Amino acid sequence: MRFTINDKPVEAEFDPRTSLLDLLRDHLGLTGSKKGCNQGACGACTVLVDGERINSCLALAVQYQGRAITTVEGLGQTGSLHPLQQAFVEHDGFQCGYCTPGQLCSAIGMAGEAARGVPSVVTADLGDETVTLSHDELRERMSGNLCRCGAYNGIIDAITETFAADGSQKGDAGARKAA
Amino acid sequence: MSIIQDAVKTAVRFVPDRWLPGASPDPLREKHGLLGAPISRVDGPLKVAGQARFAAEVPMEGLAYATLVHSTIARGHITSLDTSKAEAAPGVVLVMTHENAPRMNAPAMFMSRPDAVGASDLPVMQNRDIHWNGEPVALVLAETQEQADHAATLVKVEYESATAVTDFQAAKLAAHHPQSILGEPPLFEIGDAEKELNEAHHRVDLVFRTPRHNHNAIELHGATVRWDGDELTVHDATQMLNGTAGTLAEIFGINPDQVHVSSPYVGGGFGGKALWNHQILAAAASRLSGRPVRIVLSRESVFRIVGGRTTTEQRVALGAERNGSLRALIHTGTVAMTEHNNCPEQFTFPARHLYASKSFRLEQSVADMDMMANTFMRAPGESVGTFALECALDELAEQMELDPIELRRRIEPEKDPTSNNPFSSRYLLQCFEQGGERFGWNRRDPKPGARREGEWLVGLGCATGTYPYHRMPGGSARIRIEADGSAVVSTAVHEMGMGTATVQAQAAAARLGLPLEKVRFDYGDTSLPKGVLAGGSTQTASISAAVIAANDELVKELIRLAGNDSPLAGLGADKLEARDEGLASVDEPGRHETYASILARAGRDHLEVEAAAPPPLEMMKYSMHSTAAQFAEVRVNSVTGEVRVCRMLGSFDCGRILNAKTATSQFRGGMIMGIGLALTEETLFDPRSGRIMNPSLAEYHVPVHMDVPEIEVMWTDIPDPHAPLGARGIGEIGITGVAAAIANAVYNATGRRVRDLPITLDKLL
Ligand code: FES
Ligand code: FES
């Protein structure tokens, strides 16, 4: 089976019951994506598929052949961090760091949704073409990503700094995977 | 408290500070610059890049994957086991049950010896007996996780049930005093508190209930283990490295130095990342199969075999004079526990130290139940104890028509009200004054239900938070100076997100007079000098005491190596300070030599010293506690009963704050867990079957982004003269007082007192 992960072609053979998360972690050594529940409740396993965020623990790997999969490893590495990763460090948007890869991928997917005008439950005007990422919009849209350390305030500050309040993104790298 | 401990405490009280090892003020406590600075986490880039490797991610050749099968009864025994279908399933390496598990000693229970960390002393998979609903009855090992998970569903187990105690209300009838409450007597009295209560002018006498909770760190418990002959390697997610090695060694009948535990990154602990059945079973299965084993618990398995905070039922009765002083402070109650663990959720501890009262009655009992052994969870005791005590004070203040902060002013003690020891440093009232001013407390209308905005009722509440200072005995540290003058400080301690790695590097740099870039702090592995466990907000002070001891040795060695040709010649340790990458004379700033120069002249390519921390006698002479003023503003929907916390402020007195950035996060993290404690968190325990009914993150509700408002934190930053670095520890205090502040705010908004956590909307309709 053929996959595109972090812009690289990958081939793998595995049990068809394998989730995308287990494929990444157990078979491909991409352990940046985390497992916090394996049942869609925590968001730690969030990755981007063609720029959209999904819970990879709820996705069967076989369904994602030929799609562009981005994990935290594909956002940026130490020395060349994505602006959002850098903002997480500066705003202390984590403590243990275990929910962090999911928060990062989720935030990037979320910014893309807002830019496309996808409303949330707190969006006042459903007709708007883009959504302004207010404090409440951010909190609502990020609520699928749990952080037991309680780094929520720092996470929101980091996302706010990176993705300006009008929903546009700061810097090229920020837009890279969110298309 | 044992007679010996008592005698030592009494003796220590009369000893001058300078005779107490570790009790003479740390010169670093007043130093500013690096210490206290908001340095970003040194492990931050690795973590945001997904490159920090957690225990279940360590690669190993030939790994087999494990899955557990759990008992479905609470008490009784296994009558038959059929593993044939599971064994025949594709990829299965073996199925381990009590019939074929290696013989193992039972874990030594936590606190039964200095290095024992068994969460319970029950033998693990050694016989057919069942002690709780969820106890592992089989482990399936297979080539992949999918195969193990599938085969685990094929194991057939039959049981014969025995009568189990699974109803707290029934168990309470046989409640009894435990031997001690973490070294304190289960009953403590001054005067006749019931009599004083009856004669008091103002009285409240209330019952509070708190449910079970689970830590629910986002990282699932997991371990990767391997045997090489009789040497066991465990890549673990743990907050007790050396204790895990020591306890595992005894379980398997080998020496502690034959067990190597590594745990450089831990995805959240909060008391839960301890030695449970899964590491023991993984090691046993590895021994049995001859394969390295990875075990990652499912979230359900975490609920089944990792204990959480137990349930409490507490009575708080307060009697006050007209002038506001307390005549009686009664805090009593019962918690659920098992006969096989020792964790009595010390909810009466805040009342021992917080307020002056003419009389006291503090009493705790335990009700034995057949359940998963409960354990320590963030601020065990203080989190739920402050809920009851601080809500009761709010009710008393209202009855007296006093502002709740004013009431606390009137009952502020001069010295520890129960031990009579002097406080080492206490600024609770300052926390209330500064916090209250910042929060806008004076805008609170004491009349409940007075503020309405549309459907929403708005209220403010406050409460005291508190957590003791503790320093763990038995830790050591090593300092190594390299030829280029850089330093590595190391000890087997833990980084679960508290900021240990960053703060200890900052402290070491400040202590050694080095820039941060020239210092590395190594931790997270039992190959390093023996460390202390991470728990009870003790790690920072405990490590620092060991580093101070090692630094004393280092200075001695450097003086020796410097010899007579050094500008430092003739100066003793007391005349030297670390500065500008070396040592310098305290009195003559010009006399200075760098570490690199001292080593070069002595022809050394490095210098290494190691020392152990002195015993924590300062805790016996002084009453050492951190305190906090917690404030909350809530909105309660008058139609649905929904509670939203819209603003919080925590004002803390914890001694010196060592890193403003990571400390802010730690305080907020505790306060956020306090929101969960107040409003949403509850482990549902079926009193008929003893089974946990919501073993999932979908049904156990931890706070999410939307539940968390802007949270302001502030601190006094007044160094504690008797704590290393002047710091008393900050890991737990954030959660204390929060549930009470929120409950008091809910009352202020609605006029409803909810004394039964969590404050869900049904209780407000
Ligand atoms: S691991 Fe996928 S949502 Fe929790
Ligand atoms: S940083 Fe620990 S769970 Fe979010």
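Source: prediction; values computed, not measured. So you know, we letter chains A, B, ... as the sequences are listed, proteins then strands, and number each from 1.
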- Message: Need one label for A/Q39: side chain, backbone, both or neither, based on atoms under 4.5 Å from any heavy atom in chain B.
- Response: side chain

- Heavy-atom distances under 4.5 Å only: say whether B/V266 touches chain A with side chain, backbone, both or neither. backbone

- So what's closer than 4.5 Å to chain A heavy atoms on B/P59: side chain, backbone, both or neither? neither

- Task: Carefully, step by step, assess A/R25 and B/E57 under the rule salt bridge (charged side-chain N to carboxylate O under 4.0 Å, His left out).
- Result: CA-CA 8 Å; A/R25 286 172 62 82; B/E57 301 169 353; 2.8 Å; yes

- Task: Write down the atom of B/V702, the atom of A/L146, and the distance for their closest heavy-atom approach.
- Result: CG2-CD1, 3.9 Å

- Message: Just so I understand: if I count every heavy-atom pair under 4.5 Å between each of B/Q145, B/H215, B/M671 and chain A, which residue has the most?
- Response: B/H215

- Between B/T664 and A/D92, is a side-chain contact (heavy atoms from CB on, under 4.5 Å) present by the stated rule, with each step listed? CA-CA 9 Å; B/T664 301; A/D92 216 28; over 6 Å; no

- Task: Report the distance from atom OG1 of A/T100 to atom CG of B/L46, rounding to the nearest 0.5 Å.
- Result: 12.0 Å

- Please report the C-alpha distance between A/K35 and B/E219 in whole Å, then the side-chain angles of each, then the deciding distance to 0.1 Å, and finally whether the side-chain contact (heavy atoms from CB on, under 4.5 Å) criterion is met. CA-CA 7 Å; A/K35 186 185 279 187; B/E219 180 198 27; over 6 Å; no

- Note on the structure: Bottom line for A/T78: the part with an atom under 4.5 Å from chain B's heavy atoms is both

- Between A/E90 and B/R41, is there a side-chain N and carboxylate O pair less than 4.0 Å apart? no

- Heavy-atom closest pair (A/Q85 atom, B/A49 atom, distance to 0.1 Å) is NE2-CA, 3.7 Å

- Whatever's closer than 4.5 Å to a heavy atom in chain A on B/I672 counts as side chain

- Measure the shortest side-chain to side-chain distance between A/Q103 and B/H705 over non-hydrogen atoms and say whether it is less than 4.5 angstrom. yes

- Task: Using non-hydrogen atoms and a 4.5 Å limit, figure out which bit of B/A52 sits close to chain A: side chain, backbone, both or neither.
- Result: backbone

- Message: Under 4.5 Å from any heavy atom of chain A, what part of B/E300 do you find: side chain, backbone, both or neither?
- Response: neither

- Heavy-atom pairs under 4.5 Å with chain A are the metric here; pick the option from B/A217, B/S40, B/S665 that has the most. B/S665

- Task: Go through the atoms of A/D22 and report whether side chain, backbone, both or neither lie under 4.5 Å from a heavy atom of chain B.
- Result: side chain

- Message: Give me the atom names and distance for the closest heavy-atom approach of A/N153 to B/E710.
- Response: ND2-CA, 3.9 Å

- Query: Taking C-beta and beyond as the side chain, do B/F54 and A/T31 meet within less than 4.5 Å on heavy atoms?
  - Reply: no

- Message: Do A/Q95 and B/M498 make a side-chain contact, defined as non-hydrogen atoms from C-beta onward lying under 4.5 Å apart?
- Response: no

- Query: Is there side-chain contact between B/Q51 and A/Q77, with at least one heavy-atom pair below 4.5 Å?
  - Reply: yes

- Query: Checking heavy atoms, do the side chain of B/S298, its backbone, both or neither come under 4.5 Å from chain A?
  - Reply: neither

- Contact summary for B/G268 and A/C96, nearest pair of heavy atoms: N-CB, 3.3 Å

- Query: When rounded to the nearest 0.5 angstrom, what distance separates CG in A/N38 from OG in B/S696?
  - Reply: 12.0 Å

- Item | Check: B/V704 and A/M142 side chains under 4.5 Å, non-hydrogen atoms | no

- Message: Do B/F270 and A/C149 have side chains that approach each other closer than 4.5 Å (heavy atoms only, starting at C-beta)?
- Response: yes

- Minimum heavy-atom distance between B/L697 and A/C42, given as atom pair plus value: CD1-CB, 3.7 Å

- Message: When you compare the side chain of B/R668 with that of A/Y152, does any pair of heavy atoms fall below 4.5 Å?
- Response: no

- Query: Is there side-chain contact between A/F14 and B/T144, with at least one heavy-atom pair below 4.5 Å?
  - Reply: no

- Note on the structure: Bottom line for A/L84: the part with an atom under 4.5 Å from chain B's heavy atoms is neither

- Item | Heavy-atom proximity to chain A below 4.5 Å, by part of B/E495 | neither

- Approximate separation, where rounding is to 0.5 Å, of A/R139 CZ and B/M706 CE: 4.5 Å

- Pull out the residues in residues 673-681 of chain B that come under 4.5 Å of chain A, heavy atom to heavy atom, sorted by number. B/M673, B/E681

- Query: If you tally heavy-atom pairs under 4.5 Å against chain B, which of A/G36, A/G32, A/G43, A/G97 wins?
  - Reply: A/G36

- Ranked by heavy-atom pairs below 4.5 Å to chain A, first place among B/H150, B/E699, B/R299 goes to B/R299

- Relative to chain A, which segment of B/Y700 carries a heavy atom at a distance below 4.5 Å: side chain, backbone, both, or neither? side chain

- Message: Looking at every heavy atom in both A/C37 and B/L220, which two are closest together, and how far apart are they?
- Response: N-CD1, 4.3 Å

- For B/T662, is it the side chain, the backbone, both, or neither that has a heavy atom closer than 4.5 Å to a heavy atom of chain A? both

